[in-house]
Amino acid sequence: MKSPYKGLERILKAFGYSYDGFIAVFKTEAAFRQELLFCFFAAVILVFLPVRGIELAFMSFSLLLILIIELLNSAIEAVIDRIGEEFHSLSKKAKDIGSMLVLLAFINMFLTWGIILYPIYFRG
């Protein structure tokens, strides 16, 4: 469906849709709330770590990536559930792949943080 809005009005409407999406996922997805809390506490810890510049950027992005991927996973699940509640092997496959995306985002975060922090804390 093409938006009837143009220019600045279209951009402002897009922010509203994004806000609606955030509220929807926050209310209905426990995994998103848990990951948001995890990322919040990790970001607080990040402020006190002896990293700066590109290291800080990579570590911050690895947290943001977890939330981005969880939103993608939630969107996949919503579309599958819209199609139907009955079991179908392709629906399971799509949901399992979405779950794997989230796992990979966490692995990425732990590897990124480990690669950056290991030399600081264990090689002196």
Side-chain angles (χ1 to χ4, degrees):
M1 176 163 83
K2 189 168 181 168
S3 175
Y5 306 106
K6 304 285 185 221
L8 183 59
E9 185 179 18
R10 183 180 165 278
I11 293 168
L12 293 174
K13 290 287 186 182
F15 278 111
Y17 301 143
S18 296
Y19 175 78
D20 292 345
F22 175 81
I23 295 301
V25 76
F26 190 84
K27 285 182 176 179
T28 62
E29 297 293 331
F32 179 78
R33 291 190 301 273
Q34 293 164 351
E35 289 157 6
L36 187 63
L37 189 63
F38 172 84
C39 289
F40 172 78
F41 283 117
V44 169
I45 291 168
L46 183 55
V47 170
F48 297 102
L49 292 175
V51 296
R52 59 177 204 251
I54 194 73
E55 296 167 334
L56 181 63
F58 276 115
M59 293 171 80
S60 299
F61 181 72
S62 72
L63 295 175
L64 186 59
L65 187 62
I66 291 170
L67 299 176
I68 291 168
I69 297 298
E70 180 56 45
L71 290 170
L72 180 61
N73 182 43
S74 295
I76 290 168
E77 289 180 352
V79 169
I80 296 300
D81 291 345
R82 165 67 174 90
I83 293 169
E85 293 290 325
E86 69 279 352
F87 178 83
H88 192 284
S89 62
L90 290 177
S91 296
K92 179 183 181 338
K93 181 179 178 181
K95 287 186 173 191
D96 290 349
I97 291 170
S99 180
M100 184 64 196
L101 287 169
V102 176
L103 176 61
L104 288 175
F106 270 101
I107 291 170
N108 173 71
M109 176 257 172
F110 285 113
L111 285 174
T112 300
W113 283 52
I115 289 167
I116 292 169
L117 295 177
Y118 179 80
I120 294 170
Y121 289 106
F122 298 105
R123 287 197 190 158

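The figures that follow rest on heavy atoms only: side chains count, while hydrogens, waters and symmetry mates do not. Numbers here are sequence positions counted from 1.
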Cluster overlap M100 with L65, hydrophobic side-chain contacts below 4.5 Å
no
Starting from M59, can I reach F61 by hopping between I/L/V/M/F/W/Y residues whose side chains sit under 4.5 Å apart?
yes
State, with a plain yes or no, whether a side-chain heavy atom of L49 is found less than 4.5 Å away from one of Y121.
yes
Side-chain heavy atoms nearer than 4.5 Å, only ILVMFWY residues, links allowed to pass through others: does that put I116 and V44 together?
no
For this output row, return yes or no: ring centroids of Y17 and F22 closer than 6.0 angstrom.
no
Are the side chain of R33 and the backbone of F26 linked by a donor-acceptor contact shorter than 3.5 Å?
yes
Starting from the C-alpha separation in whole Å, work towards a yes-or-no answer on side-chain contact (heavy atoms from CB on, under 4.5 Å) for F32 and L67.
CA-CA 7 Å; F32 179 78; L67 299 176; 4.1 Å; yes
Can you name the residues that form a side-chain hydrogen bond (donor to acceptor under 3.5 Å, both in side chains) with D96, not counting sequence neighbours?
K92
Return the CD1 to CG distance between I97 and L104, rounded to the nearest 0.5 Å.
11.5 Å
Nearest 0.5 Å, please: how far is CG in N108 from CG in L103?
11.0 Å
Would a distance-only check, ignoring hydrogens and angles, find a side-chain to backbone donor-acceptor pair under 3.5 Å from S60 to A57?
no
Could you pull out all donor-acceptor pairs under 3.5 Å where a side-chain atom in residues 69-89 meets a protein atom, sequence neighbours excluded?
unit_1, atom_1, unit_2, atom_2, d
E70, OE2, S74, OG, 3.3
N73, OD1, S99, N, 3.4
S74, OG, E70, O, 3.1
D81, OD1, K95, NZ, 2.7
H88, ND1, L90, N, 3.0

Which atoms form the tightest heavy-atom contact between P119 and G114, and what is the distance?
CD-O, 4.4 Å
Check for me, please, whether L46 and L117 land in the same ILVMFWY cluster - side-chain distances under 4.5 Å, paths through other members count.
yes
Interatomic distance, CG@L36 vs CZ@F40, rounded to 0.5 Å, equals 9.0 Å
Out of curiosity, E35 CD to M109 CE, how far, rounded to the nearest 0.5 Å?
11.5 Å
Nearest 0.5 Å, what's the CZ-CD1 distance between F110 and I66?
7.0 Å
Closest heavy-atom pair and its distance - S62, W113:
OG-NE1, 3.1 Å
Should F106 and F38 count as side-chain neighbours, where that means a heavy-atom distance under 4.5 Å?
yes
Following the transitive rule for hydrophobic clusters with a side-chain heavy-atom cut-off under 4.5 Å over Ile, Leu, Val, Met, Phe, Trp and Tyr, establish whether L8 and Y5 coincide in one cluster.
no
